[in-house]
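Reviewing the structure listed below.
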2 protein chains.
Amino acid sequence: MTLKHLQHDIPDIVIGRLPIYLRALQHLAQEGKELTNSDELGKHLGISSAQIRKDLSLFGGFGKQGAGYRIQYLQNKLYEVLNLQKEWEIALIGAGDLGRAVAHYKGFKERGFKISCIFDNDPHKVNQNIDGIPIQPMENVATAIPQYAIKIAMIAVPATVAQEVADLLVAVGIRAILNYAPINLETPDGVFVQYIDPVTHLQRMTYYL
Amino acid sequence: MTLKHLQHDIPDIVIGRLPIYLRALQHLAQEGKELTNSDELGKHLGISSAQIRKDLSLFGGFGKQGAGYRIQYLQNKLYEVLNLQKEWEIALIGAGDLGRAVAHYKGFKERGFKISCIFDNDPHKVNQNIDGIPIQPMENVATAIPQYAIKIAMIAVPATVAQEVADLLVAVGIRAILNYAPINLETPDGVFVQYIDPVTHLQRMTYYL
DNA sequence: TAGATTGTTAATCGATTAACAATC
DNA sequence: TAGATTGTTAATCGATTAACAATC
C-alpha cells in the first residue's frame, strides 16, 4: 500500500487535522498502547470515527479491517505525509519579550523544529544570545537564511512592522511563516502563514459566557 | 436597529471570525480611517466581501447601504456581541517556562484580559511573583477562583497533568479554558476549550513544503 | 437624483455522516 | 469461520458565493 501523492486532491482542512491525530497517537503510545481504532481516536478528540477513517484513507490504507490502526505505523505514515521525517530549521525574527518567550519554549525542539537563528534590529540586543543562539542584526537576514536554506520563520515583532518583516522574509526564500503578531499578513501564493493570537481565542469563548 | 440575540442560530465558525474582523478594524482605525466596507475588509483578510456582509448581518444591520461600515460603531457592536465591554479576569495555572512566558505577554492586558492570579504546585515557586502577581499554591484554586468569580483560565502545565488540572478548574466554576498543553482536553458541555499549540501549525505548513 | 454598497435570497460548493460491503 | 473494523459510497448537512433588490 503506497502513499497516494495526489496532493492537490487533499483538502487543507484535512491536513489541519493530521497534526491533531499525531498528538493523540503520541498520547496513546505513551500509555503503552500499540493498537488503536477510529472509534477510540474519535472519542479522544471529539471527532466522528467516520471522519477519521475518511481522512486517513485519503492517503492510502493505513489500517487493517477487524483490527484497527497500529499506532507506531500510523505515526510514521503521518510523519511521512507531513514531511516531518527530518528536523526543520526555523528563523525567529524579534527578540523582545515575545521573541524571548518563543525562543525559550522547549516544545519546538522536542517535536522536530529547531530555532537555528534569531534576528532583531535593536543594537543593544545584537550579540547577546538566547539559550546559546546568538541574536543577529536584521541586516544578516538576507545572507543567513539563504545560506542555511531555511524555509520556515516565526515572526515575533510588533504588529506595526510585521508586514514589512514578512515581505523581507519572502524575498529571501521563506515559504512558511508562523506569525505571533496580531495582524493579518499578505503573502504571495505558495507562501503559507499561520497565526498564533491567544487573544482571539479568548474573544471567541467570551461570546458564550 | 437592535442586536439579534437568537444566539443559537449563529454558527460557531462565524463567532470565530468576529475577533479577526475586530483585529482588522483596529488596524484600520489606527490608520485614521473612519469608514470601511466589506470589500476593503475582505481584501485585508483574504475573505470574500459576501461572507463578511453575511456574517455581520446575522447580528443586525451594522452598515449603511451606499456608505459601508463606520469603523468605531462596528467595533463597539462587535465588542458588545462578544461580551468584551468589560475587562475579563483570568487565572493562570502553571508558572514554569511556559507559564512565565504567558504571564509576561502584554497583549492580554492591552486587549481586555487581565491575569489576576497564578497557581503552581512547586513549593519553590509559591510566594514568588511574576510582574507583581503572586504565585499561589494549587490548594488555593478552590477558594480563590470562586471568590473572585473567575470564569476563564489558561493552562500552562505539562501535558501529563493538564486533564487533571482541567477537571479541577471545571469543578470550581471555570467556563472557558485556553490550553497551552499539547493535549486534547475533555470537558463537560458548557465548558469551552481553545488550544494554543504552535507546533501543530508548523506541522500543517510542512505538508506543503 | 445617481451611485454605491448593504442585507438577503437562492444556487453552488464542500465537508460530514451514515451505512455497509470488503476484508483482516 | 465469526467477529470486528476498515475503506468507501451515497446521502445529508452546512457553509460559501453570486447576484440583485433595497436603500442610504
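None of the values given here were measured: they were computed from a predicted structure. Below, read A as the first sequence line, B as the second, and so on, with proteins coming before strands; counting in each chain starts at 1.
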Beyond-backbone contact of [X] with [Y], side-chain heavy atoms, under 4.5 angstrom:
X: B/C117; Y: B/L92; value: no
X: A/D12; Y: B/Y207; value: no
X: B/H201; Y: A/L178; value: yes

From the options B/R53, B/K43, B/Q51, select the one residue that forms a side chain to side chain donor-acceptor pair (under 3.5 Å) with B/S38. B/R53
Using a heavy-atom cut-off of under 4.0 Å over every strand shown, decide if A/S38 touches base, sugar-phosphate, or nothing. sugar-phosphate
Could you write nucleotides 14-24 of chain D as a row of B, S and -, 5' to 3', where a protein heavy atom under 4.0 Å of any base atom gives B, of only sugar-phosphate atoms gives S, and otherwise -? -SBBBB--BBB
Judged by modelled atom types alone, do B/E40 and B/T36 share a side-chain donor-acceptor pair under 3.5 Å? yes
For a quick check under 3.5 Å, do A/N76 and A/E80 share a side-chain donor-acceptor pair by atom type? no
From CG (A/L41) to CG (B/N184), nearest 0.5 Å: 10.5 Å
Write down the distance between [atom1] ([X]) and [atom2] ([N]), rounded to a whole number of angstrom.
X: B/F59; N: C/dT8; atom1: CZ; atom2: C1'; result: 16 Å
X: A/F62; N: D/dT8; atom1: CZ; atom2: P; result: 12 Å
X: B/L56; N: C/dT6; atom1: CG; atom2: C1'; result: 10 Å
X: B/E40; N: C/dT6; atom1: CD; atom2: P; result: 10 Å
X: B/I52; N: C/dT8; atom1: CD1; atom2: P; result: 17 Å
X: A/L58; N: D/dT6; atom1: CG; atom2: C1'; result: 14 Å
X: A/I71; N: D/dT5; atom1: CD1; atom2: P; result: 14 Å
X: B/Y21; N: C/dT6; atom1: OH; atom2: P; result: 13 Å

Does NZ or CZ of A/R204 come closer than 6.0 Å to the centre of the six-membered ring of B/F192, within 45° of the ring's axis? no
Counting runs of three or more consecutive pairs, Watson-Crick or G-U wobble, with each distance below 3.5 Å, where are the stems of DNA chain C? C:3-24 with D:3-24
Ring centres under 6.0 angstrom apart (B/Y69, B/F62): no
